[in-house]
Amino acid sequence: MIAPEYSPERGIIRLPRHHLEAMVGGDERALDPRDEIGRELKELGVVVDGGVDGALRQVLHTLRHPRSRFGLRLEQGADVALHRGWIAASGVVVVSGGTGADDVQDLRAQARPSAAARVLAGLMEIGPAAEVTDLPERSLPWDEVMVPVREGAGTGWARDAIGPTQPVRLTHLRWSSDGVRRATTAMVLLSAGSAGIVEARAADDGYELVARTPAQVWTGLCTLTR
């Protein structure tokens, strides 16, 4: 478990979820050293002389005024990683961590909104990948789609399409185009690293598996983040 830490000069901003939400929401307790939240933020160096440290102000501005936002779920076996992202004129902020009030959130920021596609591609670990063949011709129910993700390499449809050596990871990207409306599914990928990338597309009777190249995924991300 990571501990709270504030060292923006080293690119480290790690805060408990309820502390971060208090600051984003303008909760006065965040700046009050008599309150537990305010006292802890002051000890971390987040609150200085009664105000939020300058290095964090731009991050908070992005979180408060997004023009779009996303949610990213990465799942492989029993491991699940959750990322949330905000994109505004002031930049891109990604917050990673659990959903509990005390779960420490890891914040990473880019000052340019044009970096959004690159940030997403990095989180999704999109790199050079082989072409995938021998995919099922029929649509699959979701439980069958997820077999190689939850049961390991070389199981289910991945046995013929990818082979037994590369684990398969689910990448579920949800997107809100205006930063206000609820995010909806924009892309569902089954990624096996350099062994290939497969998109799961919703069909009338399940999910269709379609081979994708890294360039096609990159183009899709760029289209979303314009």
Side-chain angles (χ1 to χ4, degrees), residues 13 15 17 20-21 23-25 58-76 79-100 103 105-127 129 132 139-143 145-146 149-150 168-193 196-204 206-226:
I13 303 177
L15 303 173
R17 180 169 178 143
L20 176 62
E21 291 177 345
M23 285 190 293
V24 172
Q58 186 170 344
V59 171
L60 293 179
H61 185 273
T62 300
L63 295 175
R64 289 167 177 158
H65 306 287
R67 70 180 191 199
S68 54
R69 57 185 174 84
F70 63 83
L72 186 64
R73 177 186 176 91
L74 306 176
E75 180 179 346
Q76 183 177 311
D79 296 329
V80 176
L82 302 175
H83 306 282
R84 294 171 293 153
W86 288 258
I87 304 166
S90 50
V92 182
V93 175
V94 176
V95 179
S96 307
T99 58
D103 288 342
Q105 309 293 297
D106 188 4
L107 283 73
R108 285 161 286 179
Q110 293 279 344
R112 295 178 297 107
S114 59
R118 179 166 53 83
V119 168
L120 270 169
L123 290 170
M124 297 162 69
E125 297 181 8
I126 300 300
V132 176
S139 297
L140 303 178
W142 182 247
D143 286 346
V145 171
M146 290 295 289
V149 175
R150 293 173 176 166
V168 177
R169 183 176 70 170
L170 169 73
T171 299
H172 183 185
L173 174 63
R174 295 173 61 85
W175 189 264
S176 171
S177 59
D178 61 3
V180 176
R181 282 176 288 190
R182 183 177 180 179
T184 58
T185 296
M187 190 181 297
V188 178
L189 300 180
L190 292 307
S191 174
I197 304 168
V198 175
E199 181 179 5
R201 300 193 307 191
D204 292 338
Y207 290 83
E208 178 187 9
L209 300 186
V210 181
R212 289 291 181 235
T213 66
Q216 288 171 326
V217 176
W218 174 255
T219 298
L221 295 177
C222 289
T223 300
L224 274 176
T225 57
R226 284 196 185 114

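Just so you know, these numbers use all the heavy atoms, side chains as well, and skip hydrogens, waters and symmetry mates. Computed from a predicted structure; not experimentally measured.
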- Message: As a quick check of understanding, evaluate side chain to side chain contact (heavy atoms under 4.5 Å, CB included) for Met146 and Leu170, giving each step before the final call.
- Response: CA-CA 8 Å; Met146 290 295 289; Leu170 169 73; 3.9 Å; yes
- Task: Give the intermediate values and the outcome of side chain to side chain contact (heavy atoms under 4.5 Å, CB included) for residues Ile126 and Ile197.
- Result: CA-CA 9 Å; Ile126 300 300; Ile197 304 168; 4.2 Å; yes
- Full working for side chain to side chain contact (heavy atoms under 4.5 Å, CB included) between Arg108 and Val93: CA-CA 6 Å; Arg108 285 161 286 179; Val93 175; over 6 Å; no
- Task: Please assess Ser68 against Ser177 for the test side chain to side chain donor-acceptor pair (under 3.5 Å), listing each intermediate value before the final yes or no.
- Result: CA-CA 5 Å; Ser68 54; Ser177 59; over 6 Å; no
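Taking CE of Met187 as the start and CG of Leu224 as the end, the distance is 6.0 Å to the nearest 0.5 Å. The line from OG1 of Thr225 to CH2 of Trp175 is 5.5 Å long, rounded to the nearest 0.5 Å. Taking OG from Ser90 and CZ from Arg112, the interatomic distance works out to 13.5 Å, rounded to the nearest 0.5 Å. Expressed to the nearest 0.5 Å, how far CG of Leu63 lies from CD of Glu21 amounts to 10.5 Å.
For Gln110, the side chain to side chain contact (heavy atoms under 4.5 Å, CB included) test picks out Val92, Ala115, Arg118, Val119, with sequence neighbours left out. For Asp204, there are no salt bridge (Lys or Arg N to Asp or Glu O under 4.0 Å) partners, not counting sequence neighbours. The ring pair (Phe, Tyr, Trp, His ring centres under 6.0 Å) check on His61 picks up His65, with sequence neighbours excluded. Every residue two or more places apart in sequence or in another chain that forms a side-chain hydrogen bond (donor to acceptor under 3.5 Å, both in side chains) with Glu75 is listed here: Arg73, Arg150. Every residue meeting the salt bridge (Lys or Arg N to Asp or Glu O under 4.0 Å) condition with Arg181, not counting sequence neighbours, appears here in chain and number order: Asp178.
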Donor-acceptor pairs are to be reported for all side-chain atoms of residues 81-88 against protein atoms at under 3.5 Å, with residues two or more places apart or in another chain.
unit_1, atom_1, unit_2, atom_2, d
His83, ND1, Ser96, OG, 2.5
Arg84, NH2, Gln105, OE1, 3.1

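Without hydrogens or angle criteria, Arg69 side chain to Ser176 main chain gives no donor-acceptor distance under 3.5 Å.
Under the 4.5 Å side-chain criterion, counting only non-hydrogen atoms from C-beta, Glu125 is in contact with Arg169. Looking only at side-chain heavy atoms (C-beta outward), Thr99 and Arg17 come within less than 4.5 Å of each other. Residues Val188 and Leu173 fail the side-chain proximity criterion, which asks for heavy atoms closer than 4.5 Å. Counting heavy atoms from C-beta outward, Leu15 and Asp106 have side chains that stay 4.5 Å or more apart. Residues Leu190 and Val145 are in side-chain contact: their nearest non-hydrogen atoms beyond the backbone lie under 4.5 Å apart. The shortest side-chain heavy-atom distance between Trp218 and Thr223 does not fall under the 4.5 Å cut-off. In this structure, Leu72 and His172 have side chains that are not in contact, with every pair of non-hydrogen atoms separated by 4.5 Å or more. By the 4.5 Å heavy-atom criterion applied to side chains, Leu20 and Val95 are counted as neighbours.
Here the closest heavy-atom approach between residue Val217 and residue Met124 is recorded as CG1-CE, 4.4 Å. For the residue pair Val59 and Ala109, the shortest heavy atom distance occurs at CG2-CB, 3.9 Å.
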